Amino acid sequence: MGTKRTHTTLSLYWKCQILGWGTVSLLWLYIALVRDQFALTHALINYVLDVTICIGLTHAYRAIALRANWNQLEIKGLIKRVLPSILVLAVLFMLIMNLKTSAYIYLVNQNNTFIENLSVWNPVLITGLRHMAIWVLAYHAYHFYVKEVNTAKANAQLSVIAKQSQLDNLSAQLNPHFLFNSLNSIKSLIIENPSIARRAIDLLSDLLRSSLYEKEHMTLSIAEELALVKDYVELEQLRFEERLHINFTIDPNLKKYKIPPLSIQLLVENAIKHGVDKQLEGGTIHIVIQELDGYVAITVKNPGTISVGGPKGLGLKNLKERLLLQYDGRAKFTIEPTTEHEVVATLMIPTEKTWEPIQH
């Protein structure tokens, strides 16, 4: 698909180049025939050379712009490069056109004023400035439009995936086993310890409300995500009792940083389901959030092993897709064993001041 799109774009580019410069050069062909009294053959040769020179100059500019990634720059940075480039293109246009005209006059008319003809620069320079400016601005305007369209498509796709992620995670939280175990735990506490039972009902209510109503944005703060995680773990501790412990090591300066919703909660849920729950003695989940090499590094460690073929599940796959789209491939996610009996999931969110996550 990518190759097909590239070929289509390239074909469109060459069609525009040939048609555009071919049309513009018709005026110069008319001037050569009517004003300058060129022979038809000489005028057509001159026409082909004009088209070739213009395509050559602009194609060279395009190659430089693509190599330097100018199409990815913001408007201010692009203007700083475009304006000098237009002037350079205009000067080159003038020199090459004058050289072509002088060579023609010298070879055909046997005129010895070759150097003198090269010095006629003013009208040709203005023509070059006008045409090169139009081409360069049109070229970047087209790419700016394509970039905006792609961003809009990515936002739309991200919105769909995020909504699906909310449903997937909610479904995981509301699966029959989770609700059955939670309600059974609450039921047994109603007589034994009514205050704890009330607390459990509050936790379940808060968890469901957060999952249903508080995930309309594409990001939320780490502090908000951790509040959801703590409610989830506290509710699970009613079922696991002393078998489940959790340890937090959080850099307080990072609590306001925005991350995708339900990302840490998903990793903790995965650690409980595939780690602690499978250990007879249970275990401790360690959550560490720190800044590391330009990233917010979120690690979740738990006892357990990874099955053959690596971790599977719709939730983890969904998280990877959200990170890819939301941070344009800059975020990283891994889950791997550190020892025979410990697994660590690592989420790396970029913190560059120049990079902002795509907003809904």
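Numbers here simply count residues along the sequence, with the first being 1. Quick caveat: nothing in here was measured; it's all calculated off a predicted structure.
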Side chains of I272 and Y232, heavy atoms from C-beta outward: is any pair under 4.5 Å? yes

Consider only side-chain heavy atoms of I, L, V, M, F, W and Y, link residues closer than 4.5 Å, and tell whether L347 and F248 are in one cluster. yes

Going from CG on D231 to CG on L204, what distance comes out if it is rounded to the nearest 0.5 angstrom? 10.5 Å

Exactly one of V343, V344, T284, T346 should register a side chain to side chain contact (heavy atoms under 4.5 Å, CB included) with K301. Which one does? V344

Just wondering, do E234 and R199 contact through their side chains at under 4.5 Å, heavy atoms? yes

Step by step, would you call N69 with L73 a side-chain contact (heavy atoms from CB on, under 4.5 Å)? CA-CA 7 Å; N69 288 320; L73 296 174; over 6 Å; no

Minimum heavy-atom separation for M132 and A90, please, with both atom names. CG-N, 4.2 Å

Do E269 and Q265 pair up side chain to side chain, a donor and an acceptor below 3.5 Å, judged on atom types alone? yes

Tell me if a side-chain donor or acceptor on S221 pairs with a main-chain N or O of E224 at a distance below 3.5 Å. yes

Nearest-0.5 Å distance that lies between atom CD in E321 and atom CG in L324: 8.0 Å

Applying side-chain contact (heavy atoms from CB on, under 4.5 Å) to E291 and L254, what does each step give before you reach the verdict? CA-CA 8 Å; E291 188 168 1; L254 300 177; 4.2 Å; yes

Row check, Y13 ring normal vs R62 NZ/CZ: under 6.0 Å, within 45°: yes

Row check, Y327 ring normal vs K332 NZ/CZ: under 6.0 Å, within 45°: no

To the nearest 0.5 Å, what is the distance between CG on N150 and NZ on K153? 6.0 Å

Evaluate the criterion side-chain hydrogen bond (donor to acceptor under 3.5 Å, both in side chains) for residue pair T52 and D50; output intermediate values, then yes/no. CA-CA 5 Å; T52 303; D50 287 342; over 6 Å; no

I287: which of T249, N247, V233, V268 passes side chain to side chain contact (heavy atoms under 4.5 Å, CB included): V268

Candidate list E342, Q279, K278, H341, test side chain to side chain contact (heavy atoms under 4.5 Å, CB included), partner P303, passing option: Q279

Verify the cluster assignment for Y145 and L12: are they in a single hydrophobic cluster under the rule of side-chain heavy atoms below 4.5 Å apart? yes

Locate the shortest heavy-atom distance separating E74 from K147; write the atom from each residue and the value. OE2-NZ, 4.3 Å

If you define the side chain from C-beta out and look only at heavy atoms, does anything of C16 sit under 4.5 Å from Y142? no

Measure across R243 and V276 and return the closest heavy-atom pair with its distance rounded to 0.1 Å. NH2-O, 3.4 Å

Please lay out, stage by stage, how F93 and W135 fare under the test ring-ring contact (aromatic ring centres under 6.0 Å, His included). CA-CA 13 Å; F93 174 88; W135 189 94; over 10 Å; no

Hey, are the side chains of K256 and I222 touching, using non-hydrogen atoms and a 4.5 Å cut-off? no

side-chain hydrogen bond (donor to acceptor under 3.5 Å, both in side chains) between Q17 and T58: does it pass, once the steps are laid out? CA-CA 9 Å; Q17 281 283 72; T58 51; 3.0 Å; yes

L235 and A200 have their tightest heavy-atom pair at CD1-O, 3.8 Å

With distance as the sole test, does Q237 use its side chain to make a donor-acceptor pair with the main-chain N or O of H245 at under 3.5 Å? no

Should W21 and H131 count as side-chain neighbours, where that means a heavy-atom distance under 4.5 Å? yes

Please tell me whether V288 and I298 are part of a single hydrophobic cluster in this structure, the criterion being side-chain heavy atoms less than 4.5 Å apart. no

Would you mind reporting whether V51 and I18 have side-chain heavy atoms less than 4.5 Å apart? no

Distance from T127 atom OG1 to M94 atom CE, nearest 0.5 Å? 11.5 Å

CD1-CD1 distance between I289 and I349, expressed to the nearest 0.5 angstrom: 10.5 Å

If every non-hydrogen atom of N302 is compared with every non-hydrogen atom of G275, which pair is closest and at what distance? ND2-CA, 3.6 Å

Between Y61 and H140, does a ring-ring contact (aromatic ring centres under 6.0 Å, His included) hold up when you go through it step by step? CA-CA 11 Å; Y61 173 86; H140 287 293; 5.7 Å; yes

Check whether any side-chain heavy atom of T305 lies under 4.5 Å from a side-chain heavy atom of P337, and answer yes or no. no

Kindly work out whether a path of hydrophobic side-chain contacts (I/L/V/M/F/W/Y, heavy atoms less than 4.5 Å apart) joins I134 to L92. no

Please evaluate residues T151 and E148 with respect to the criterion side-chain hydrogen bond (donor to acceptor under 3.5 Å, both in side chains), reporting the C-alpha separation (whole Å), side-chain torsions for both, the decisive distance (0.1 Å), and the verdict. CA-CA 5 Å; T151 299; E148 288 299 306; 5.2 Å; no

Tell me, with the steps shown, if I53 and M97 meet side-chain contact (heavy atoms from CB on, under 4.5 Å). CA-CA 8 Å; I53 290 169; M97 285 296 189; 4.1 Å; yes

Point-to-point distance, once rounded to the nearest 0.5 Å, from CG of N46 to CD1 of I31: 10.5 Å

Measure across L26 and Y47 and return the closest heavy-atom pair with its distance rounded to 0.1 Å. N-CE1, 3.7 Å

Would you check, one step at a time, whether the test side-chain contact (heavy atoms from CB on, under 4.5 Å) holds for L228 with I264? CA-CA 9 Å; L228 178 64; I264 302 178; over 6 Å; no

Under 4.5 Å between side-chain heavy atoms, hopping through other hydrophobics if needed: is there a path connecting L44 to L49? no

Less than 4.5 Å apart, side chain to side chain, heavy atoms only: is that true for L316 and L267? yes

Go through W14 and H59 one step at a time and tell me if the ring-ring contact (aromatic ring centres under 6.0 Å, His included) criterion holds. CA-CA 10 Å; W14 282 114; H59 186 67; 4.9 Å; yes

